[in-house]
Each structure stands twice: as C-alpha cells, then as structure tokens.
There are 2 protein chains.
Amino acid sequence: MKLLSRQEEIVLLSIWKLKDNAYGVTIREHVSEITGRYWSIGAIYVPLDRLVEKGFIDPIQGEPTARRGGRSKRYYSITEDGMKALSEIKQVQDALWDGFPKLAGERSKV
Amino acid sequence: MKLLSRQEEIVLLSIWKLKDNAYGVTIREHVSEITGRYWSIGAIYVPLDRLVEKGFIDPIQGEPTARRGGRSKRYYSITEDGMKALSEIKQVQDALWDGFPKLAGERSKV
DNA sequence: GTTAAATTCTTCTATTTATTAGAAGATATG
DNA sequence: CATATCTTCTAATAAATAGAAGAATTTAAC
C-alpha cells in the first residue's frame with residue numbers, strides 16, 4: 001500500500017482532530033491554522049475526495065442549520081482503514097525522525 | 001515558503017541520518033529499509049535534484065574507490081536552509097499529531 | 001408573501017508540480 | 001573487453017493548486 005501523501009496526512013489528521021465537526025470549511029480553517037499558510041478551496045476538497053475514494057474517510061450529509069446560508073454540510077469521519085494508514089505513516093515518521101535534535105523552544109510532551 | 005513534500009522529507013532525513021555516507025545508492029537503500037517499500041531509482045534521484053535546486057542539500061563529488069565499478073559518487077550534505085525546512089515541517093507535524101494515541105507496541109523514547 | 005440579496009458551502013476543471021519507473025549512459029576495475 | 005557501480009534522462013502517471021461557478025439556504029425589502 002502506498003504511503004499517505006502530505007496533503008492526505010494533513011487533511012486526515014485534521015478530520016481526526018475536529019471530531020464531529022469536520023467538513024470542508026472547518027477542515028480548511030484548521031489546516032491553515034496549523035500550517036500557517038493559505039490553502040485554496042481546491043487544496044482541501046481534492047484530497048478529501050481522494051480519501052473518500054480510498055475508503056479512509058466516510059462522508060455524512062448533515063442537516064441545514066437555521067442561519068443565513070446555512071446549507072447542509074458534508075461531514076467526514078475516519079474509517080478503520082484511515083486509522084491504519086495514519087498509524088503506518090506515523091511509524092515511518094518516527095523511524096525517520098529518530099534522533100533528530102529538539103527544536104529551540106520545544107516543550108516536552110506531558 | 002512551501003512545506004517539504006513527503007519525498008523531500010524522507011530523502012532529506014535519510015541524508016541527515018547517513019551523515020558522510022549519503023549518496024544515491026545508500027539513500028535509496030535507507031529509504032527502502034525505513035519505509036519497507038520498493039523505491040525506483042528515479043524516485044530517489046528526482047527529489048534529490050530538486051533538493052539541490054532549492055538549496056537544501058549540497059552535492060560533493062567523491063573519489064573513485066578501488067573496487068570493480070567503484071566509480072566516483074555524488075555525496076550530499078544538508079545545508080542550513082535544509083535544516084530549517086526540516087525544523088519547519090517537524091513543527092507542523094508535532095502540532096498535527098499532538099494527542100494522537102500511541103501505537104500498539106510503541107516504546108517510549110529514551 | 002414574493003422576490004431579491006446575501007451567505008455558506010461544494011463542485012468542477014484546468015494548470016502546474018511531483019512521483020514513479022527503469023532504460024540508457026558514464027566511469028570505474030578485473 | 002567484461003562486469004560492476006553509480007547517475008542521467010525522460011516519459012507517463014498522480015497529486016497539488018487555484019478559484020470561478022454553482023447549489024442551497026436564510027434574511028430583508030417591498
């Protein structure tokens with residue numbers, strides 16, 4: 001199986017972080033925040049579609065909300081295969097980064 | 001500045017790991033070992049060229065070695081900019097993965 | 001209460017960039 | 001010259017990127 005691409009990793013982890021509030025717009029906001037970069041609309045939706053196709057996330061159609069423009073959202077949740085793909089890339093990364101010097105100002109995890 | 005792509009990250013870190021023995025063939029071996037996957041020749045040399053072009057690594061022409069076919073190798077070493085790019089992607093990854101459950105069988109780092 | 005305006009969210013698609021594969025080429029020694 | 005090691009080249013496929021357009025909804029104007 002192929003490793004997750006960078007975008008797939010970032011989008012997939014954002015969905016995991018956002019729990020039950022993961023849809024196009026919130027994912028894009030989260031990704032921008034974490035990476036400190038501008039992300040176009042397409043840079044989110046294209047990988048999202050691919051992740052669905054690969055079976056790593058499931059789309060769930062939400063209900064419209066009572067606010068102007070509150071059209072129904074397409075929420076996403078991670079599948080078991082998605083979690084496996086994440087675990088796999090994590091394992092590779094841990095091996096790769098093993099021994100890399102701590103960043104200046106990095107705090108140790110609790 | 002753009003984030004490192006997956007291949008760039010993997011190749012760059014392999015060069016860092018291999019220290020003064022990082023050239024096409026050893027990099028390819030290391031990457032295959034770490035990822036547990038087949039990597040074609042091009043899958044190494046193409047990102048290598050791009051990393052040089054971006055100024056993240058410097059090529060150093062080695063001497064031939066006294067063995068059949070021991071032609072001179074092109075060694076690579078990471079530049080300051082390369083280290084910066086690595087630190088940056090690490091920071092993004094740490095933020096992304098923060099809170100992700102430990103893998104089964106994962107040992108804590110010393 | 002009908003219509004227009006505004007808002008939120010997604011779809012679509014063309015372009016650029018990156019990945020992948022491996023044959024071919026170059027350079028070395030036996 | 002035969003064989004081994006290493007790199008260059010390039011064509012094909014896949015992924016990233018941008019953002020205009022479209023769809024669905026609520027609010028406001030009249």
Side-chain angles (χ1 to χ4, degrees), chain A residues 1-12 14-15 18 21-32 35 37-54 56-76 85 89 92, chain B residues 1-12 14-15 18 21-32 35 37-54 56-76 85 89 92:
Chain A
M1 196 179 32
K2 283 196 55 180
L3 291 173
L4 287 175
S5 76
R6 178 73 68 206
Q7 269 57 30
E8 288 169 348
E9 173 194 6
I10 293 178
V11 166
L12 200 45
S14 294
I15 292 171
L18 289 164
N21 193 34
Y23 66 99
V25 171
T26 53
I27 293 167
R28 186 180 175 206
E29 284 168 359
H30 183 256
V31 167
S32 294
T35 61
R37 279 168 178 72
Y38 169 85
W39 288 68
S40 71
I41 296 168
I44 300 298
Y45 281 99
V46 170
L48 269 178
D49 285 350
R50 198 167 46 244
L51 286 168
V52 170
E53 205 174 281
K54 290 184 178 177
F56 291 165
I57 54 178
D58 280 334
I60 302 144
Q61 200 63 29
E63 293 299 312
T65 52
R67 40 187 301 208
R68 184 186 273 225
R71 63 177 288 196
S72 68
K73 305 159 177 50
R74 183 179 288 274
Y75 292 100
Y76 296 95
I89 195 76
V92 168
Chain B
M1 196 180 30
K2 282 196 54 181
L3 290 174
L4 288 174
S5 75
R6 178 74 67 206
Q7 268 57 31
E8 288 169 348
E9 173 195 5
I10 292 178
V11 167
L12 201 46
S14 295
I15 292 171
L18 290 164
N21 192 34
Y23 66 99
V25 171
T26 53
I27 293 168
R28 186 179 176 208
E29 284 168 359
H30 183 256
V31 167
S32 293
T35 62
R37 279 167 179 73
Y38 170 84
W39 288 68
S40 71
I41 297 169
I44 300 298
Y45 282 98
V46 170
L48 268 178
D49 286 349
R50 199 168 46 244
L51 287 168
V52 171
E53 205 174 282
K54 289 185 179 178
F56 291 165
I57 55 180
D58 280 335
I60 301 144
Q61 200 62 30
E63 292 301 311
T65 53
R67 40 186 302 208
R68 184 184 273 223
R71 64 175 288 195
S72 68
K73 304 160 180 44
R74 183 180 288 275
Y75 292 100
Y76 296 95
I89 196 74
V92 167

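Hydrogens, waters and symmetry mates are skipped; everything else that's a heavy atom, side chains included, is used. Letters go in sequence order (proteins before strands), and every chain restarts at 1.
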Legend entry - B/Tyr23 side-chain N/O to D/dC6 phosphate OP1/OP2 under 4.0 Å: yes
Legend entry - A/Tyr38 vs D/dG19: side-chain N/O to OP1/OP2 distance below 4.0 Å: yes
Legend entry - 5′-ward residue of the pair A/Thr65/A/Glu8 relative to DNA chain D: A/Glu8
Inset, instruction - For atom CD of B/Gln61, decide whether the heavy atoms of other residues, nucleotides or ligands shown that lie under 6.0 angstrom number more than 12. - result: yes
Inset, instruction - Give a yes or no on whether a donor-acceptor pair under 3.5 Å exists between the nucleobase atoms of C/dA28, that is its base, and the side chain of B/Arg68. - result: no
Legend entry - Given D/dT25, D/dT17, C/dC9, the nucleotide with the shortest approach to the side chain of A/Ser40: D/dT17
Legend entry - Distance in angstrom units between A/Glu9 CD and D/dA15 P, rounded: 15 Å
Legend entry - Distance below 4.0 Å between A/Arg67 side-chain N/O and C/dT8 OP1 or OP2: yes
Inset, instruction - Whole angstrom is fine here: how far is it from CG in A/Leu48 over to P in D/dA16? - result: 12 Å
Legend entry - Value in whole Å for how far the P atom of D/dA16 lies from CZ of A/Arg28: 16 Å
Inset, instruction - Using atom CD1 of B/Ile27 as one end and atom P of D/dT8 as the other, report the distance to the nearest whole Å. - result: 12 Å
Inset, instruction - Assign A/Gly42 to base, sugar-phosphate, or nothing according to its heavy-atom contacts below 4.0 angstrom with the strands shown. - result: base
Legend entry - Per B/Ser5 side chain, nearest of listed nucleotides C/dG22, C/dA18, D/dA16: C/dA18
Inset, instruction - Measure from the side-chain heavy atoms of B/Ile41 and tell me the nearest of C/dA28, D/dT8, C/dT19. - result: D/dT8
Legend entry - N/O (side chain, B/Arg74) to phosphate O (OP1/OP2, D/dT8) under 4.0 Å: yes
Inset, instruction - Report yes if a side-chain nitrogen or oxygen of A/Lys2 is closer than 4.0 Å to either non-bridging phosphate oxygen (OP1 or OP2) of D/dA15; otherwise report no. - result: yes
Inset, instruction - Using whole Å, report how far CH2 of B/Trp39 lies from C1' of C/dG22. - result: 16 Å
Inset, instruction - Using atom types as modelled and distance alone, determine if a side-chain donor or acceptor of A/Arg28 lies under 3.5 Å from a backbone N or O of A/Trp39. - result: yes
Legend entry - Contact summary for B/Gly42 and B/Pro47, nearest pair of heavy atoms: O-CD, 3.7 Å
Legend entry - Salt-bridge contact A/Glu53-A/Arg50 (side-chain N to carboxylate O under 4.0 Å): no
Inset, instruction - Using only side-chain N and O atoms of A/Gln7, determine if any of them is under 4.0 Å from OP1 or OP2 of D/dA16. - result: yes
Inset, instruction - Starting from the 5' end of DNA chain D, give me the residue, A/Ala43 or B/Gln61, whose nearest nucleotide shows up first. - result: B/Gln61
Inset, instruction - Would you classify A/Tyr75 as touching base, sugar-phosphate or nothing, given that sugar-phosphate means primed atoms plus P, OP1 and OP2, and contacts are heavy atoms under 4.0 Å? - result: nothing
Legend entry - Atom pair distance, as rounded to whole Å: CD in A/Glu63 and P in D/dT26: 11 Å
Inset, instruction - Let me know the distance between CD of B/Glu29 and P of D/dT7, rounded to the nearest Å. - result: 11 Å
Inset, instruction - May I ask you to say what B/Val25 touches in the nucleic acid, namely base, sugar-phosphate or nothing, with a heavy-atom cut-off under 4.0 Å? - result: sugar-phosphate
Inset, instruction - Search all heavy atoms of A/Leu18 against all heavy atoms of A/His30 and return the closest pair with its distance. - result: CD1-CB, 4.1 Å
Inset, instruction - Grab the CG-C1' distance between B/Leu3 and C/dA18 for me, whole Å please. - result: 15 Å
Inset, instruction - Could you work out which one of D/dA15, C/dG22, C/dC9 sits closest to the side chain of A/Lys54? - result: D/dA15
Legend entry - B/Leu51 vs B/Tyr76 side-chain heavy atoms within contact, under 4.5 Å: no
